[in-house]
Amino acid sequence: QVHLVESGGGLVQPGGSLRLSCVVSEYFFKSNSMAWYRQAPGKQRELVALISSDGRTNYVESVKGRFNIFRDNVQNTVHLQMNSLKPDDTAVYYCNTNPWLHINGAPYWGSGTQVTVSS
């Protein structure tokens with residue numbers, strides 16, 4: 001059973017924008033904080049943006065003022081609006097709960113969506 005489905009990535013020029021979306025199984029979405037994470041080649045996965053169940057947000061310093069996380073509690077979806085993109089934003093982006101899901105004792109991640117920022 002698939003619990004997290006990310007979409008919206010692509011190739012964009014520096015300064016451009018993308019909106020990522022993630023559909024989450026209702027069971028995991030309703031009462032959990034949701035987050036977007038990213039993993040660049042050769043680097044560890046990092047938490048980029050976080051939104052609590054009541055809408056409070058937090059961002060890693062490098063994306064503050066450029067990224068906006070928001071959630072649709074009717075559609076069980078979390079979005080990440082990314083503006084003024086930089087080459088350093090290139091990574092595979094994943095959504096998950098915070099802390100991330102464990103299914104049958106093992107970490108659970110979706111397949112992610114690739115974001116490439118390049119001219």
Side-chain angles (χ1 to χ4, degrees):
Q1 187 174 359
V2 177
H3 302 292
L4 304 164
V5 181
E6 301 97 341
S7 63
L11 172 63
V12 63
Q13 292 187 342
S17 298
L18 284 174
R19 177 176 290 187
L20 307 183
S21 298
C22 179
V23 180
V24 185
S25 296
E26 181 177 3
Y27 178 80
F28 297 115
F29 185 86
K30 286 301 183 186
S31 59
N32 281 312
S33 293
M34 295 300 305
W36 283 95
Y37 304 78
R38 67 185 179 189
Q39 187 166 20
K43 295 187 177 181
Q44 288 191 331
R45 195 169 300 183
E46 67 169 344
L47 190 151
V48 175
L50 172 68
I51 185 166
S52 68
S53 57
D54 60 359
R56 289 169 292 156
T57 60
N58 204 356
Y59 301 89
V60 68
E61 191 66 33
S62 61
V63 308
K64 283 183 179 179
R66 300 188 298 121
F67 289 12
N68 180 39
I69 186 171
F70 56 102
R71 61 192 292 162
D72 182 336
N73 291 332
V74 174
Q75 301 288 334
N76 299 327
T77 304
V78 59
H79 304 277
L80 185 67
Q81 177 67 41
M82 306 186 296
N83 301 322
S84 302
L85 282 161
K86 304 175 181 180
D88 283 350
D89 296 318
T90 295
V92 179
Y93 284 71
Y94 303 86
C95 76
N96 212 320
T97 57
N98 179 255
W100 57 78
L101 289 174
H102 283 72
I103 306 292
N104 296 325
Y108 179 91
W109 292 89
S111 56
T113 187
Q114 174 71 49
V115 172
T116 303
V117 184
S118 175
S119 55

Would you say [Y] ends up clustered with [X] if hydrophobic residues are merged whenever their side chains have heavy atoms under 4.5 Å apart, either directly or through other cluster members?
X: Tyr59; Y: Met82; result: yes
X: Leu50; Y: Ile69; result: no
X: Tyr27; Y: Tyr108; result: yes
X: Val60; Y: Trp36; result: yes
X: Leu20; Y: Val63; result: yes

Rounded at 0.5 Å granularity, tell me how far [atom1] in [X] sits from [atom2] in [Y].
X: Leu18; Y: Tyr93; atom1: CG; atom2: OH; answer: 9.0 Å
X: Gln13; Y: Thr116; atom1: CD; atom2: OG1; answer: 13.0 Å
X: Trp100; Y: Leu47; atom1: CH2; atom2: CG; answer: 9.0 Å
X: Leu80; Y: Met34; atom1: CG; atom2: CE; answer: 12.0 Å
X: Arg38; Y: Gln44; atom1: CZ; atom2: CD; answer: 14.0 Å
X: Lys30; Y: Asn73; atom1: NZ; atom2: CG; answer: 6.0 Å

Subject >> Results of salt bridge (charged side-chain N to carboxylate O under 4.0 Å, His left out) for Glu26 - residues two or more places apart only >> reply: none

**OP:** Sequence neighbours left out, what pairs pass salt bridge (Lys or Arg N to Asp or Glu O under 4.0 Å) with at least one residue falling in residues 98-115?
**Re:** none

Original post:
Which pairs, with at least one residue in residues 63-86 and sequence neighbours excluded, count as a salt bridge (Lys or Arg N to Asp or Glu O under 4.0 Å)?
Top reply: Glu61-Lys64, Arg66-Asp89

Any non-hydrogen side-chain atom of [X] less than 4.5 Å from a side-chain atom of [Y]?
X: Ser7; Y: Ser21; result: yes
X: Phe67; Y: Leu85; result: yes
X: Val24; Y: Asn32; result: no
X: Ser17; Y: Val12; result: no
X: Thr77; Y: Phe29; result: no

Subject >> Connected hydrophobic set around Phe70, excluding itself, where side chains approach under 4.5 Å >> reply: none

Subject >> Counterpart residues, ring-ring contact (aromatic ring centres under 6.0 Å, His included), relative to Tyr37 (two or more places apart) >> reply: Trp109

Original post:
Taking only residues two or more places apart in sequence, or in another chain, which ones meet Phe28 in a ring-ring contact (aromatic ring centres under 6.0 Å, His included)?
Top reply: His3

**OP:** Pick out which of Val23, Asn96, Ile51 makes a side-chain contact (heavy atoms from CB on, under 4.5 Å) with Val78.
**Re:** Ile51

On a heavy-atom basis, which atom in [X] and which in [Y] lie closest, and how many Å separate them?
X: Ala35; Y: Asn98; result: CB-CB, 4.2 Å
X: Pro14; Y: Ser119; result: CD-N, 3.7 Å
X: Thr97; Y: Leu101; result: OG1-N, 3.3 Å

**OP:** Measure from the side-chain N and O atoms of Glu6 to the backbone N and O of Cys95, and report whether any donor-acceptor pair falls under 3.5 Å.
**Re:** yes

